[in-house]
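One structure is given below, encoded as structure tokens.
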2 protein chains.
Amino acid sequence: MGDVHTLNKTELVELYSRLEEKYGEFKNKNLSLDMSRGKPSPDQLDLSSGLFDILNTRTMDVVDHIDIRNYGGVDGIQEAKDLFAEILHVRPTEVIVGGNSSLTIMYDTISRALLKGVIDSDSPWEKLPKVKFLCPSPGYDRHFAICESLNIEMITIDMLDDGPDMNKIEELVSKDDAIKGIWCVPKYSNPEGIIYSDEVVNRFATMETKAKDFKIFWDDAYTVHHLTNEQPHLKNILQACKDAGHPNRVFIFASTSKITFPGSGVAAMAASEENIQFILKQLSAQTIGPDKINQLRHVRFLKNLDHINEHMKKHAELIKPKFDLVLLELDSQLRDNNIASWSKPKGGYFISLNTLDGCAAEVVKRAAEAGVKLTKAGATFPYGKDPRDRNIRIAPTYPSIAELKVAIDVLCLCVQMVSIKKLLND
Amino acid sequence: MGDVHTLNKTELVELYSRLEEKYGEFKNKNLSLDMSRGKPSPDQLDLSSGLFDILNTRTMDVVDHIDIRNYGGVDGIQEAKDLFAEILHVRPTEVIVGGNSSLTIMYDTISRALLKGVIDSDSPWEKLPKVKFLCPSPGYDRHFAICESLNIEMITIDMLDDGPDMNKIEELVSKDDAIKGIWCVPKYSNPEGIIYSDEVVNRFATMETKAKDFKIFWDDAYTVHHLTNEQPHLKNILQACKDAGHPNRVFIFASTSKITFPGSGVAAMAASEENIQFILKQLSAQTIGPDKINQLRHVRFLKNLDHINEHMKKHAELIKPKFDLVLLELDSQLRDNNIASWSKPKGGYFISLNTLDGCAAEVVKRAAEAGVKLTKAGATFPYGKDPRDRNIRIAPTYPSIAELKVAIDVLCLCVQMVSIKKLLND
């Protein structure tokens, strides 16, 4: 249908009515498709079936001089610390391996900061008149939900091609000591798939912050989640912070959720040894220790970083065709219309689609009415409010290829309809 | 040696020197025995070896219309809610099944209350000038550690034979709205093994509290942990609270930690439906869901309450002889001396020993010097301070029978020495 901006009103009306007819046909199919969450598909989960059988009464034994079946080990078993140290390029003494969710570790880290303070705090954050977090956006909705739940004021920061807008960040943190933290997904960012450049990492490590207890929440969620054979370089933030004389500035988070089983995986955090020791003291009031058996299960199954990379290639084999399909369809159905742009990620779990301003919420609504569930419009921004109402997060991994094709057809159709409606009303 | 109170000074000095010689012999043995924590022994853990093999690629399947390997289910799988409902005599809709630790659920419940408030709160507890908890003592040190960590002021409440001193509790909660909660271990209390009477439960349910958001933290940790074939009656607190018109007053906690594997078990909380719905909203910021695979593993292994009771009989067979040994030795070595008294529990994990006033810390110190580690004296009281310095918690389950015999010999010897020293100094 070409660039819709070049059409006159009559042509637009006629085009809209043809699209509406097509939309009606989809509606009649009573579809029920879900592209809302970054969930692995069942065949991806099957890749980790070995986890069920790897520990049994024959292969279970006592490791690290402790009986992993019993109480204890607040920072996890040594083998799991070793594995996450390898994944995150830190020392085992810089790691705490926890339960099944890095989201929970992040929430708990902030909850403790509020109630008790972090290592360089003069007081618990909760005692301060206000606590603010910087939120590069579009970003991960569950990060923002933690802040909203805990009454932390969020400040939206634009995402650029190589990471968040560092000029803006440096300006803000240098003058406002209520700004205590920032959310980052530095590799294959959620949802845009951006990889932070060395310069961005360096500026994070070296920048002056008015709050002496400012912390970077570095959610390295997709650190081994490549879609191609390229393994992009991400500069080591902990090392950079140490080199810049701010060793305690960063908390790194990761999990096996999208490596093995979401919900039944193992999560970890990494930070300077001083940070880790400080945290362990606080943590010992909350837990006697994580599920060490599940940690050993994962260590035995995942073995080491090389083996994890091999395992992740099998994931890529299953999901790369889905990403390719979405990109191909977006390209063939929307490119010439000049009404949308989208990311072409080399890893991670999402494709980020930007419509014309003011169209995203309506697109998501129309798609839902035709049985295609997308992530709530605005979800990728603080307070669920996309200032330009244009960002839609596409999560292609869970549906089958056949379902995905239909879902994208519906999505593209809705983008076209809503865009034309907008042009007609402008 | 008979009642030491009847001995004159010369006799006491002579007796002391004989005991000191015996103590020296123990010291020379370089013992390393640990009776400090309520940990199951390795042979108890072996009872649950079946857990390793019960879920595998053949027996795993999709339950409750969800793929338990994937994300979701913030309140746990239906099967696990059903099981805990049966254990705790509540409805499945009154249960949230979580991760591996009831301690963590308790900590998180208080952390959320501080940051967000509970269902009937006017404000987050953290915004109040002071928050106080009542602490029946001797009690569980980790309960008190949560309060201490979160700056909640603890008020010691005496334990009587049928539960905490309700007269005192009623008096305090009726006039002080800073008192927001109380810790209870209602069945086989830690460390005394007391079972709360119906009257105590009724008074908890009916009492008037100045704080309208007062909560009972009902840690039913030993609900199926019987040492005898008697299954003592504990009145249903949730039902009692409902009957009294205070349905939201109680949070009940339990776990499989001492049923299957400590650390790799499943924990749960129960409360009124209104409470549960309120909590789930808050909880969704912290977690996408617990380890559902481990929940299914436990449901398949434990089956139902009848089967759990059969399983717990096997635990009792292993640990009852240890309790019997401790009680026999205390009786034969200390009874006639008139220097100590102790509990004779019918379930749970501890024997509570009271020395003469002012002796407990010194006994624990001397025992440690002879290689026998006991729970820190004072640990069973708020802030680790036993006002009479007399309570020692004995945890007989972990050591072998042979180790236990030696450990109790050392303990009894230390009690005798320290008591005589005290009498000499009085």
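Naming: A, B, ... by sequence-line order, numbering from 1 per chain.
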Any side-chain heavy atom of B:R69 within less than 4.5 Å of one from A:D46?
-> yes
Contact check, side chains of A:E126 and B:L114, non-hydrogen atoms, under 4.5 Å = no
By a 4.5 Å heavy-atom criterion (distance strictly below it), what part of B:K281 contacts chain A: side chain, backbone, both, or neither?
-> neither
Sort B:D108 into side chain, backbone, both or neither according to what part of it lies under 4.5 angstrom from a heavy atom of chain A.
-> side chain
Applying a strict 4.5 Å limit to non-hydrogen atoms, the region of B:P42 in contact with chain A is both
A:F144: what forms a ring-ring contact (aromatic ring centres under 6.0 Å, His included) with it, not counting sequence neighbours?
-> none
Can you tell which part of B:S284 gets under 4.5 Å to a heavy atom of chain A, answering side chain, backbone, both or neither?
-> backbone
Selection from B:T104, B:L51, B:L45, B:L103 maximising heavy-atom pairs under 4.5 Å formed with chain A = B:L45
Spacing of CG belonging to A:L55 relative to CG belonging to B:D53, to within rounding of 0.5 Å | 10.0 Å
Nearest heavy atoms of A:Y71 and B:S257, plus distance in Å = OH-CB, 3.4 Å
Between the main-chain N or O of B:G289 and the side-chain N or O of A:N100, is there a donor-acceptor pair closer than 3.5 Å?
-> yes
Side chains of residues 147-154 of chain A: which donor-acceptor pairs under 3.5 Å do they make with residues two or more places apart or in other chains?
from	atom 1	to	atom 2	distance (Å)
A:E153	OE1	A:K130	NZ	2.8

Under a 4.5 Å heavy-atom cut-off, does chain A meet the side chain of B:Y107, its backbone, both or neither?
-> side chain
Close side-chain approach of B:I288 and A:R37, heavy atoms under 4.5 Å | no
Side chain to side chain donor-acceptor pair (under 3.5 Å) with A:S264: of B:N70, B:D291, B:N294, only one passes, and it is B:D291
Output the option from A:K258, A:M106, A:Q282 having the highest count of non-hydrogen pairs under 4.5 Å with chain B.
-> A:K258
Enter the distance from B:K127:NZ to A:K127:NZ here, rounded to the nearest 0.5 Å.
-> 8.0 Å
Chain B contacts, top residue of A:P290, A:G99, A:A145 (heavy-atom pairs, under 4.5 Å) = A:P290
Sort B:P40 into side chain, backbone, both or neither according to what part of it lies under 4.5 angstrom from a heavy atom of chain A.
-> both
Check: B:L115 and A:S111 side chains under 4.5 Å, non-hydrogen atoms | yes
